[in-house]
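Each ligand, and each atom within it, is numbered from 1 in the order the structure gives. Positions are given from 1 along the sequence.
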Amino acid sequence: MGQRITGGLPAEFVWGAATASYQVEGAVGEDGRGPSIWDTFCRTPGRVVLGHTGEVTADQYHRYREDITLMRELGLKRYRFSIAWPRVFPTGSGAPNPKGFDYYNRLIDALLAAGIEPVVTLYHWDLPQALEDAGGWPARDSAYRFGEYAELCYRELGDRVSSWITLNEPFCAAILGYLYGVHAPGERDRPAAYRAVHHLLLGHGLALKAFRDGAYRGDIGITLNTQTPRPATQRDEDRAAAERASDLQTHMFLDPLMGGSYPERHLAAYPEVQMPVERGDMELIGQPIDFLGLNWYFEEVAAADADHPEGFRLCRQYQETTEMGWPVVPKGFYRHLRWLEGYTTGMPIYVTENGCAAPDELDRDGTRCHDPRRIAYLREHIAALRDAWRDGVNVKGYYVWSFIDNFEWAYGFTKRFGVVYCDYLDQRRVPKDSFYFYRDVVAGHE
Ligand code: GCO
């Protein structure tokens with residue numbers, strides 16, 4: 001596992017920071033970018049707090065060089081960002097947009113010049129609207145379009161990218177987007193949502209096969225936001241409830257990706273759902289990946305509830321909460337990493353997101369942002385990660401969410417996750433105290 005350095009993690013452990021295209025780029029109508037489902041969702045009254053949109057956000061499309069200077073000051077080894085599919089394929093397929101790739105070529109070249117490795121997420125929720133109009137993720141064709149888009153990205157950028165992530169949190173894309181309706185495209189249709197689950201995973205499989213067939217450099221994986229709620233009590237019924245509470249967000253995705261099948265126990269609760277599996281699909285989805293990306297923020301508590309179709313309910317807990325109302329449970333991070341290690345029999349894991357929303361404000365002269373709660377959150381969760389590594393979990397890296405304050409989906413700009421404060425009025429960047437804390441972590445001083 002390599003020699004230990006200060007802080008108890010190996011020298012080759014990779015420290016990074018993460019963002020996503022729709023959340024930081026802005027420039028939604030520039031250089032040929034086509035509309036995405038999030039552009040449409042933001043324009044639909046009542047969908048996003050205060051009618052906020054990603055039209056400008058942190059304007060990284062124009063300010064990426066300034067941001068990379070700050071990333072270099074942090075000492076980052078990697079920067080995880082996503083490609084906006086509608087920038088490179090304005091209608092999702094057909095003729096690619098050269099200006100779209102031009103931006104990502106400049107971004108990648110500037111990162112490499114700063115000694116920072118690019119980690120590219122192919123899909124972080126900004127589906128081209130034209131594909132949604134053609135059926136979206138509930139339609140099988142979207143999976144094929146995604147495989148084609150992925151192959152083009154490998155061809156254009158693959159000579160310089162260290163690590164590829166096919167999908168970010170397919171749970172959110174499918175379930176928040178098509179079942180709960182709180183994310184784009186805002187549908188509420190369980191059978192459609194479960195078709196979206198399968199076609200997102202099929203798209204992952206097609207993209208993975210294209211990567212292997214093309215023998216591209218670097219490694220490839222997928223990012224999930226798996227969760228394993230803890231039982232409210234040690235009574236058998238609560239322990240069983242906690243198991244069931246992870247079926248949709250964890251097992252519906254992790255099991256097929258590990259070569260298994262969709263959890264029948266979960267599907268049995270919803271007879272109206274039919275997973276649209278065709279011959280060969282599960283083999284494509286279950287192909288080996290090089291790593292599993294984990295986005296983790298908090299741990300739930302589950303108890304038995306006969307009134308719920310799956311027999312569980314989520315319970316309140318005592319921990320303090322972040323600005324998102326998420327409980328701060330670093331021990332839960334340790335527990336989940338250990339569980340994941342066992343369930344995937346030692347699959348390499350990158351924590352591709354972890355962080356917290358805090359009530360960030362600039363001080364009077366606008367040059368500092370004191371965020372002690374974020375520092376405490378990061379310190380406790382990095383310590384939990386180090387303990388998990390020490391106890392055998394093959395965790396290879398940690399990318400803080402997020403490098404900079406950005407568009408927090410349906411919460412708009414009301415939630416700040418960055419270690420860099422973004423003043424959306426004048427686009428000033430102000431490193432928060434947590435920026436300097438994280439710099440010390442990366443340098444091995446913490
Ligand atoms: C997610 C997304 C990020 C969010 C972050 C905070 O994990 O939901 O990948 O885009 O902004 O997690 O909610």
Side-chain angles (χ1 to χ4, degrees), residues 16-26 36-38 41-42 47-49 52-54 57-58 60 79-85 119-127 165-184 200 204 221-227 248-250 253-254 292-300 321-329 332-333 336 349-360 371 373-374 377-378 381 398-420 422 424 434:
T19 64
S21 46
Y22 193 75
Q23 295 183 270
V24 297
E25 285 182 356
S36 76
I37 56 176
W38 271 94
F41 196 70
C42 289
R47 295 297 203 171
V48 177
V49 165
H52 289 168
T53 79
T57 179
Q60 194 169 83
Y79 174 52
R80 175 191 176 216
F81 62 93
S82 75
I83 293 179
W85 188 347
V119 176
V120 175
T121 305
L122 287 164
Y123 187 67
H124 204 125
W125 307 352
D126 40 2
L127 184 72
I165 295 167
T166 54
L167 304 174
N168 176 78
E169 302 189 6
F171 167 82
C172 290
I175 304 303
L176 302 193
Y178 292 93
L179 176 58
Y180 301 156
V182 295
H183 275 195
L200 277 155
H204 157 80
I222 184 171
T223 277
L224 302 179
N225 54 322
T226 51
Q227 282 205 349
L248 179 52
Q249 189 163 338
T250 300
F253 299 90
L254 190 57
L292 181 65
L294 171 66
N295 289 356
W296 197 94
Y297 292 89
F298 61 97
E299 181 183 66
E300 297 277 13
T321 56
T322 69
E323 286 298 288
M324 293 293 281
W326 297 345
V328 181
V329 193
F333 191 29
H336 189 67
I349 295 169
Y350 282 89
V351 176
T352 43
E353 285 180 31
N354 176 249
C356 86
D360 300 329
D371 55 341
R373 287 172 59 184
R374 178 172 294 106
Y377 180 99
L378 295 179
H381 285 76
Y398 175 96
Y399 310 154
V400 68
W401 184 272
S402 177
F403 164 71
I404 188 168
D405 295 334
N406 59 63
F407 177 79
E408 179 51 34
W409 309 113
Y411 291 97
F413 300 108
T414 61
K415 308 295 181 190
R416 291 178 179 269
F417 276 87
V419 293
V420 174
C422 181
Y424 296 111
S434 57

Among Phe413, Tyr424, Tyr411, which one satisfies ring-ring contact (aromatic ring centres under 6.0 Å, His included) with His52? Phe413

Give me the one residue out of Tyr123, Phe407, Phe81 that meets ring-ring contact (aromatic ring centres under 6.0 Å, His included) with Tyr22. Phe407

Measuring from non-hydrogen atoms of Trp326 to any atom of ligand 1, is the shortest distance under 4.0 Å?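 Yes.
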
Sub-4.0 Å heavy-atom approach of Asn295 to ligand 1: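 It does; at least one heavy atom falls under 4.0 Å.
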
Give me the ring orientation class for [X] and [Y]: parallel if the planes are under 30° apart, tilted from 30 to 60°, perpendicular past 60°.
X	Y	result
Trp296	Phe333	parallel
Tyr297	Phe417	perpendicular
Trp409	His183	tilted

Would you say Trp409 has any N or O atom under 3.5 Å from an N or O of ligand 1, going by distance alone? yes

Does ligand 1 come near enough to Asn406 that some N or O of the ligand is less than 3.5 Å from an N or O of the residue?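 No.
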
Using a strict 4.0 Å cut-off to heavy atoms of [X], name the atoms of ligand 1 that fall inside it.
X	answer
Asn168	2 (C), 9 (O)
Glu169	1 (C), 2 (C), 7 (O), 8 (O), 9 (O)
Phe417	6 (C), 13 (O)

With a 4.0 Å cut-off, would you call Arg416 and Glu323 a salt bridge?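 The answer is no: the pair does not qualify as a salt bridge.
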
Excluding sequence neighbours, so at least two apart, what forms side chain to side chain donor-acceptor pair (under 3.5 Å) with Thr57? none

When you look for heavy atoms under 4.0 Å from ligand 1, do you find them on the side chain of Thr223, its backbone, both, or neither?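 It is neither part, as no heavy atom is under 4.0 Å.
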
Could you tell me whether Phe407 approaches ligand 1 through its side chain, its backbone, both or neither, with non-hydrogen atoms closer than 4.0 Å? neither

Please write down residue, atom name and distance for the protein heavy atom closest to atom 9 (O) of ligand 1.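 Protein heavy atom at minimum distance: Glu353 OE2, 2.6 Å.
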
Among all protein heavy atoms, pick the one closest to atom 5 (C) of ligand 1 and tell me residue, atom and distance.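 Minimum-distance protein heavy atom for atom 5 (C) of ligand 1 reads Tyr297 OH, 3.3 Å.
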
Winner among Glu408, His124, Gln23 once heavy atoms are compared against atom 6 (C) of ligand 1: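 Closest candidate by heavy-atom distance is Glu408.
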
List for me each residue that meets ring-ring contact (aromatic ring centres under 6.0 Å, His included) alongside Phe41, sequence neighbours excluded, and say none if there are none. Trp38

